[in-house]
Amino acid sequence: MGTVETIKADESAAGSSEGRDALSVVDRRTGKSYELPIANGTIRAMDLRQIKTGADDFGLMAYDPGFLNTAACTSRITFIDGDKGILRYRGYPIEVLAEKCTYLEVAYLLLHGELPDQKQYEKFVHDITYHTMIHESLKKIMDAFNYDAHPMGMLISMIAAMSTFYPEAHNVHDPKVRIKQIHRLIAKMPTIAAFAYRHSIGLPYMYPSNDLSYSENFLTMLFTTPAEHFKPNPTLVRALDVLFILHADHEQNCGTNAMRSIGSAHTDPYSSVAGAAAALYGPLHGGANEEVLKMLEQVGSISRVPAFIKEVKEGKGEKRLMGFGHRVYKNFDPRAKIIKRMAEEVFEVTGRNPLLDIALELERIALQDDYFVKRKLYPNVDFYSGLIYEALGIPSAAFTVLFAIPRTAGWLAQWEELLEDPENKIARPRQVYLGPGDRPFVPMNKR
Ligand code: ACO
């Protein structure tokens, strides 16, 4: 909801602002007029229902495939102004958080609404750190996957499986139970992700180390072998932490919408996060970073960039410039700007990835091309993130997993907000039925 910056504490969403703004509607079918209250830049869809042609009419609905213009909830977590390229968590600009905070500080902010003081931070870090181990039986489930199973498939299954290990999690109405599961999920995501990676390359699982930071622990679990301890470079640890901050939340995107939709049925948080991660897996969503790398490899050289751009334009939507375009941002994605700058710092340590030059050239040409300019297609968060993941030594199939780890904090913050929202109802959209009307059944031998 880019146009609504603040929601007054005593108002829920539209509908509580009698006597203030209103929308006058005339139904040309009946000649009747209606006054629909406007609050926070919205009308209530249910206010349309009174607009009927007669007693048998169900009432007017809004048709909005893909939710292009439908606010499904109020939220106080993340603000985006897509036209200006602004992203804030709980009021703090993403640029400031990326510069000054750790990922766990930001996760606390998303969950609790305020940045932690020193004591709160230390307790939160402790609570996360001491939940990083996973049940040994989960390891056996991991072992059952084929060696070439996609890391996202393993991650989604493992998260869903966790709900069977913590049956108390079904009690979603108890805030104390909820916070315990929140800590578990944030803590165990890197462990599961690292185990999935180790499984795919046939290395033994590395257990978490409580003396390491969240991001350092993750990199260590990925790359330490029984024969050799891996000590990640501090620049790379910080780069990963910043990437985690940038991916932590993004208001009502496809994955978060899945989280809220599943959560609205009062499903336990593990099953809900598994569903949200499944949405993230899609190539139009968090799967795009993997696709960007494939695309850059396919382009292969700077000289082939113009031909590739031409193919995208001629593909008329069939072939897309992956990592470009966004439902909400019609300007630079502020996260892409931070990542682009960070890529240079990372490459100073790891050596320059030649694919970066292809990406820079794709961006340069696309931003001058009428096709992309007219459609306001700019680089999104996924355009440069894959290049950094690759520089960190992470295979492209695991990129979306690196998105899912930090987004877990956002999903859970949104889930908490949903469960505390007095207006929360089970998500159940309407449809416009266009199929056949009542018709007689024809037995099989007469069809
Ligand atoms: N390359 C080429 N053309 C594009 C691209 C692209 N990346 N994105 C959109 N377009 C074109 C469409 O073909 C369409 O053109 P038309 O008006 O001539 O039909 C127009 O721009 C609008 O596109 P829509 O698909 O209607 O825009 P929507 O808001 O539904 O989609 C999306 C947004 C899914 C992100 C889209 O831009 C896309 O597919 N991008 C590539 C995949 C990607 O990078 N996804 C990651 C998004 S960020 C994230 O989820 C974390």
Side-chain angles (χ1 to χ4, degrees), residues 1-2 64-70 78 80 82-83 85 87 89 94 152 243-259 276-296 298-299 305-340 358-359 361-389 396 399-411 414:
M1 269 175 52
D64 188 12
F67 306 122
L68 276 114
N69 198 35
T70 295
T78 291
I80 300 173
D83 292 325
L87 169 61
Y89 297 159
I94 192 68
M152 273 306 277
L243 282 169
F244 282 176
I245 292 170
L246 301 181
H247 287 87
D249 194 54
H250 211 238
E251 53 120 308
Q252 307 312 314
N253 55 81
C254 183
T256 304
N257 180 55
M259 180 79 198
L280 189 73
Y281 191 4
L284 293 189
H285 192 11
N289 50 19
E290 185 181 345
E291 298 300 317
V292 171
L293 251 269
K294 283 188 203 154
M295 176 187 77
L296 295 175
Q298 190 197 334
V299 176
V305 167
F308 183 79
I309 296 268
K310 191 163 171 265
E311 276 172 40
V312 168
K313 282 159 51 181
E314 285 169 0
K316 295 190 172 65
E318 288 299 307
K319 183 167 192 161
R320 295 198 161 194
L321 182 50
M322 298 310 285
F324 254 70
H326 199 278
R327 171 60 60 77
V328 180
Y329 293 117
K330 301 300 169 197
N331 198 324
F332 266 97
D333 180 336
R335 302 167 299 174
K337 281 193 195 166
I338 299 170
I339 295 178
K340 189 175 168 184
I358 300 176
E361 184 65 1
L362 275 172
E363 180 187 311
R364 191 185 71 77
I365 297 202
L367 293 183
Q368 292 173 358
D369 191 297
D370 230 29
Y371 175 95
F372 296 91
V373 173
K374 256 208 260 154
R375 289 169 178 78
K376 298 187 177 169
L377 301 170
Y378 290 86
N380 61 47
V381 67
D382 287 322
F383 194 62
Y384 289 104
S385 60
L387 290 170
I388 299 187
Y389 295 143
S396 60
F399 289 176
T400 313
V401 168
L402 270 88
F403 194 151
I405 292 171
R407 183 54 60 84
T408 301
W411 287 330
Q414 302 268 350

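Counting starts at 1 for both ligands and their atoms, following the listed order. As the structure is a prediction and not an experimental result, all values here were calculated from the model.
- Close approach of ligand 1 to Arg327 (heavy-atom distance below 4.0 Å) involves ligand atoms 28 (P), 29 (O), 30 (O), 33 (C).
- In this structure, the side chain of Arg327 engages the main chain of Gly66 through a donor-acceptor pair within 3.5 Å.
- Residues forming a ring-ring contact (aromatic ring centres under 6.0 Å, His included) with Tyr378 (at least two apart in sequence, or on another chain): Phe332.
- Set against the non-hydrogen atoms of Asp382, the atoms of ligand 1 under 4.0 Å away are 46 (C), 48 (S), 49 (C), 51 (C).
- When heavy-atom distances to ligand 1 are checked against a 4.0 Å cut-off, Asn253 has no atom that comes that close, whether in backbone or side chain.
- Below 30°, between 30° and 60°, or above 60°: for Phe403 and His247 the angle between ring planes is above 60°, a perpendicular geometry.
- For the pair Arg335/Tyr329, a side-chain contact is recorded, criterion being any heavy-atom separation below 4.5 Å from C-beta on.
- Close approach of ligand 1 to Leu284 (heavy-atom distance below 4.0 Å) involves ligand atoms 39 (O), 45 (N), 46 (C), 47 (C), 50 (O).
- Between atom 25 (O) of ligand 1 and the options Arg320, Lys376, Lys319, Lys330, the minimum heavy-atom separation is to Arg320.
- Taking the charged nitrogens against the carboxylate oxygens, Arg320 and Glu291 have no contact shorter than 4.0 Å, which rules out a salt bridge.
- Residue nearest to atom 44 (O) of ligand 1, selected from Gly323, Ser385, Gly325: Gly323 (by heavy-atom distance).
- With a 4.0 Å cut-off on non-hydrogen atoms, Phe383 does not touch ligand 1 at all.
- Scored by the side-chain hydrogen bond (donor to acceptor under 3.5 Å, both in side chains) test, Gln252 finds Arg260, Gln414 as partners (sequence neighbours excluded).
- Each of the atoms 43 (C), 44 (O), 45 (N), 46 (C) of ligand 1 lies under 4.0 Å from some heavy atom of Ala288.
- Contacts with ligand 1 closer than 4.0 Å are made by no heavy atom of Leu68, backbone or side chain.
- Here CZ of Phe308 is found 8.5 Å from CG of Leu296. Values are rounded to the nearest 0.5 Å.
- Close contacts between ligand 1 and Phe403 involve ligand atoms 51 (C) [criterion: under 4.0 Å to a heavy atom].
- Counting only non-hydrogen atoms, the option in His326, Lys313, His250, His285 that gets closest to atom 48 (S) of ligand 1 is His326.
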